[in-house]
Structures are given as C-alpha cells and as structure tokens.
Amino acid sequence: MSLDHNVFIPIDGLVFCLDPANSRSYSGSGNTVYNLSSGSSIGATKSSGITYNSTAPATFSATASNFLISDYTLASSASFTVSMWFKRVGSSYWISLFGNEVWFSFYGYVARLESSQSIRFSAGGDFTGISYNDSSLISANYNNYIFVKNTSGTNSFIYLNGTQVASGSLDNVSITKPFVFNTRYQNDGSALADSQASEFSHIAVYNRALSSAEVKQFYNATKRRFGY
C-alpha cells in the first residue's frame with residue numbers, strides 16, 4: 001500500500017494518516033483533512049490559523065494557538081506509535097507536537113519540544129517521562145519524530161530521524177480525548193495549550209508499537225521529501 005507518492009511505509013496497525021502532500025487527504029482548501037488509512041474518511045479539522053503550504057515538501061503551516069483536532073481516540077492502555085514530520089517556526093518553546101493528554105489530570109499522553117535541543121514524551125501529569133537532550137536535535141529543521149508506547153509501559157521510545165535516542169517507562173493512563181496536533185488539552189479540556197508557530201506533515205498513528213526496523217522503514221520511505 002502506498003500513501004506517499006508511491007513510497008511504502010508500514011501499514012500493519014496503521015489507523016490514522018494525514019498527509020497534505022496527498023490530495024486524497026487534503027484538497028488544498030477548507031478545514032477538513034481526510035484519514036488515508038480508513039478509505040479517506042474525515043480524519044481531522046484544522047483551526048483557522050493553519051494554512052496549506054503547497055511548496056515541497058507540502059506541509060500545514062500553523063501560527064501560534066492553532067492546531068488540528070482529530071476524530072481518532074486511542075484505546076486506553078493500548079500500545080501505540082505516533083510519527084510526525086515537524087519543524088519549529090516560532091521562537092517559543094514548550095511546543096506540543098501531539099497530545100491526548102488533559103493537563104494535570106493523569107489522562108493521556110503528550111510529546112513536546114521544550115527547547116531547541118530537548119524533546120519529551122510523557123503521560124498525563126508526569127513531568128518526567130522520556131526525554132532527549134542533544135544539540136543534534138535542532139528543532140528549527142524538519143525532523144521525523146516517532147514516539148512508541150508499549151502496553152506494559154516499559155520499553156517505550158523516542159526516535160529522531162529513524163534513530164532511537166531515548167527509552168524508558170511510561171505509566172499506563174486512561175485516554176478520554178482524541179488526538180490533537182500542534183497542541184495539547186488544557187485542564188478544562190480545551191485544546192489551546194502549547195500551540196506555537198510550526199510546520200508539520202505526514203502524521204501517522206499506529207495502534208501498536210512499531211519495531212526499530214519499522215521505524216527505520218518509515219523514515220527511509222518519507223525522508224527524501226524533507227531533504228534527507
């Protein structure tokens with residue numbers, strides 16, 4: 001199965017895929033983005049401050065306080081994998097790449113850039129989680145971030161451009177909200193926290209933990225678009 005210009009990514013367990021470079025996912029206008037993994041059903045709605053950048057590699061361009069809200073809610077305590085190509089555009093940090101976490105509630109998960117050289121993957125209400133800190137991150141570049149959560153909570157990972165850069169344990173927590181991208185949920189459940197100026201593309205969610213070989217396959221299948 002090809003979802004990206006005749007390049008193959010892993011499809012076993014793929015439940016959600018948004019790609020602005022594919023006209024079946026986004027037409028180039030309007031607020032509806034379609035999920036390629038489910039027969040092009042509606043997958044997400046974008047807020048008004050997200051525009052379509054058709055110039056290669058084709059991305060969604062977000063200003064601060066703008067995001068995509070999906071229609072996909074992950075099962076609680078399930079294994080999952082989230083992949084995004086993402087670039088920080090603004091000068092602010094504490095940028096949420098994705099979230100179904102409700103802040104301080106102990107529900108859901110979040111991944112966020114905390115500085116130009118630091119990224120964290122954590123469960124709701126946990127300020128520790130798994131983190132990676134290194135000058136090679138350079139969050140103002142396009143990077144492929146892949147976050148893997150295993151059912152047991154142990155052996156969960158952060159991958160940067162196909163390479164595992166962090167591992168550790170994440171608590172199993174309940175999930176009550178659908179995925180949002182370029183933001184996370186606030187205490188009151190609204191999706192308006194840690195939304196900063198960014199560009200992002202090719203979002204994929206799997207309902208299982210991808211292996212390191214599959215992560216590498218995903219990266220190799222999509223990297224050329226983003227200059228790698």
Checklist outcome for this item: Output for pair (Asn31 CG, Ser48 OG), nearest 0.5 Å, gives 7.5 Å

Checklist entry - Side chains of Trp85 and Asn161: closer than 4.5 Å at any heavy-atom pair? => result yes

Item to check | Thr59-Ser201 side chain donor-acceptor pair, cut-off 3.5 Å | outcome: no

Checklist entry - For Ile175, does its backbone N or O pair with a side-chain atom of Ser76 as donor and acceptor, under 3.5 Å? => result yes

Item to check | For the student: nearest non-hydrogen atoms of Lys216 and Thr163, plus distance | outcome: NZ-OG1, 4.0 Å

Item to check | Distance in Å, Leu97 CG paired with Arg184 CZ, rounded so as to fall on 0.5 Å steps | outcome: 13.0 Å

Checklist entry - Does any donor atom in the side chain of Asn172 or Lys149 lie under 3.5 Å from an acceptor atom in the other side chain? => result yes

Checklist entry - Do the side-chain N and O atoms of Thr73 and Asn100 include a donor-acceptor pair separated by under 3.5 angstrom? => result no

Next on the checklist: What verdict does the side-chain contact (heavy atoms from CB on, under 4.5 Å) test give for Phe16 and Phe179, after you've listed the backbone C-alpha separation in whole Å, the side-chain angles of each residue and the deciding distance to 0.1 Å?
Outcome noted: CA-CA 10 Å; Phe16 190 81; Phe179 277 110; 5.7 Å; no

Checklist entry - Given the rule in the side-chain contact (heavy atoms from CB on, under 4.5 Å) test, do Arg112 and Trp94 qualify, once you have shown the distances and angles that lead to the verdict? => result CA-CA 6 Å; Arg112 59 186 182 268; Trp94 287 86; 2.9 Å; yes

Next on the checklist: Can a donor-acceptor pair be found, under 3.5 Å and without considering hydrogens, that links the side chain of Ser65 to the backbone of Ser195?
Outcome noted: no

Checklist entry - Less than 4.5 Å apart, any side-chain heavy atom of Lys46 and any of Tyr26? => result yes

Checklist entry - Where do Val102 and Lys177 land on the side-chain contact (heavy atoms from CB on, under 4.5 Å) test, with the steps shown first? => result CA-CA 8 Å; Val102 180; Lys177 291 285 191 177; 3.8 Å; yes

Checklist entry - How long is the span from the CD1 atom in Ile9 to the CG atom in Asn220, to the nearest 0.5 Å? => result 13.0 Å

Next on the checklist: Ring centres under 6.0 Å, that's the criterion: do Phe147 and Tyr109 meet it?
Outcome noted: no

Checklist entry - Hey, does Phe60 have a side-chain heavy atom less than 4.5 Å from the side chain of Thr51? => result no

Checklist entry - Out of curiosity, Asn53 CG to Ser61 OG, how far, rounded to the nearest 0.5 Å? => result 4.5 Å

Checklist entry - With a 4.5 Å limit on heavy-atom distance, are the side chains of Phe67 and Ser198 in contact? => result no

Checklist entry - Is it true that a side-chain atom of Arg120 and a backbone atom of Thr128 form a donor plus acceptor pair closer than 3.5 Å? => result yes

Next on the checklist: Could you work out, with side chain to side chain donor-acceptor pair (under 3.5 Å) as the rule, every residue matching Ser70, not counting sequence neighbours?
Outcome noted: none

Next on the checklist: Using the rule given for ring-ring contact (aromatic ring centres under 6.0 Å, His included), can you reason through Tyr159 versus Phe218, listing the C-alpha separation, both sets of side-chain angles and the distance that settles it, and then say yes or no?
Outcome noted: CA-CA 11 Å; Tyr159 291 85; Phe218 190 103; over 10 Å; no

Checklist outcome for this item: CD1 of Ile203 to OH of Tyr72, rounded to nearest 0.5 Å, is 14.5 Å

Next on the checklist: Between Asn143 and Tyr228, is there a side-chain donor-acceptor contact under 3.5 Å, judged purely by atom types and distance?
Outcome noted: yes

Item to check | Sequence-distant partners of Ser167, side-chain contact (heavy atoms from CB on, under 4.5 Å), two or more places apart | outcome: Phe157, Gln164

Checklist entry - Hey, mind stepping through Ser122 and Val110 against side-chain contact (heavy atoms from CB on, under 4.5 Å) and telling me if it holds? => result CA-CA 6 Å; Ser122 59; Val110 66; 3.6 Å; yes

Checklist entry - Is there a side-chain contact between Ile146 and Ser83, using heavy atoms and a 4.5 Å cut-off? => result yes

Checklist entry - Okay, side chain of Asn141, backbone of Ser139: is any donor-acceptor separation there less than 3.5 Å? => result no

Checklist entry - Do Phe181 and Phe200 have their ring centres less than 6.0 Å from each other? => result no

Checklist entry - Are Ile42 and Tyr34 side-chain neighbours, meaning at least one heavy-atom pair lies under 4.5 Å? => result yes

Next on the checklist: Quiz question: by atom type and distance under 3.5 Å, do the side chains of Gln196 and Tyr93 form a donor-acceptor pair?
Outcome noted: no

Next on the checklist: If I compare all heavy atoms of Leu160 with all of Ser136, which pair ends up nearest, and what's the gap?
Outcome noted: CD2-O, 4.5 Å

Item to check | Asn133 and Ser118: side chain donor to acceptor below 3.5 Å | outcome: yes

Checklist entry - Judged by modelled atom types alone, do Ser79 and Thr151 share a side-chain donor-acceptor pair under 3.5 Å? => result yes

Checklist outcome for this item: CG of Leu113 to NZ of Lys87, rounded to nearest 0.5 Å, is 13.5 Å

Checklist entry - Do Cys17 and His202 come close enough that some side-chain heavy atom pair is under 4.5 Å? => result yes

Checklist entry - So, do Asn182 and Leu68 sit near enough that their side-chain heavy atoms are less than 4.5 Å apart? => result no

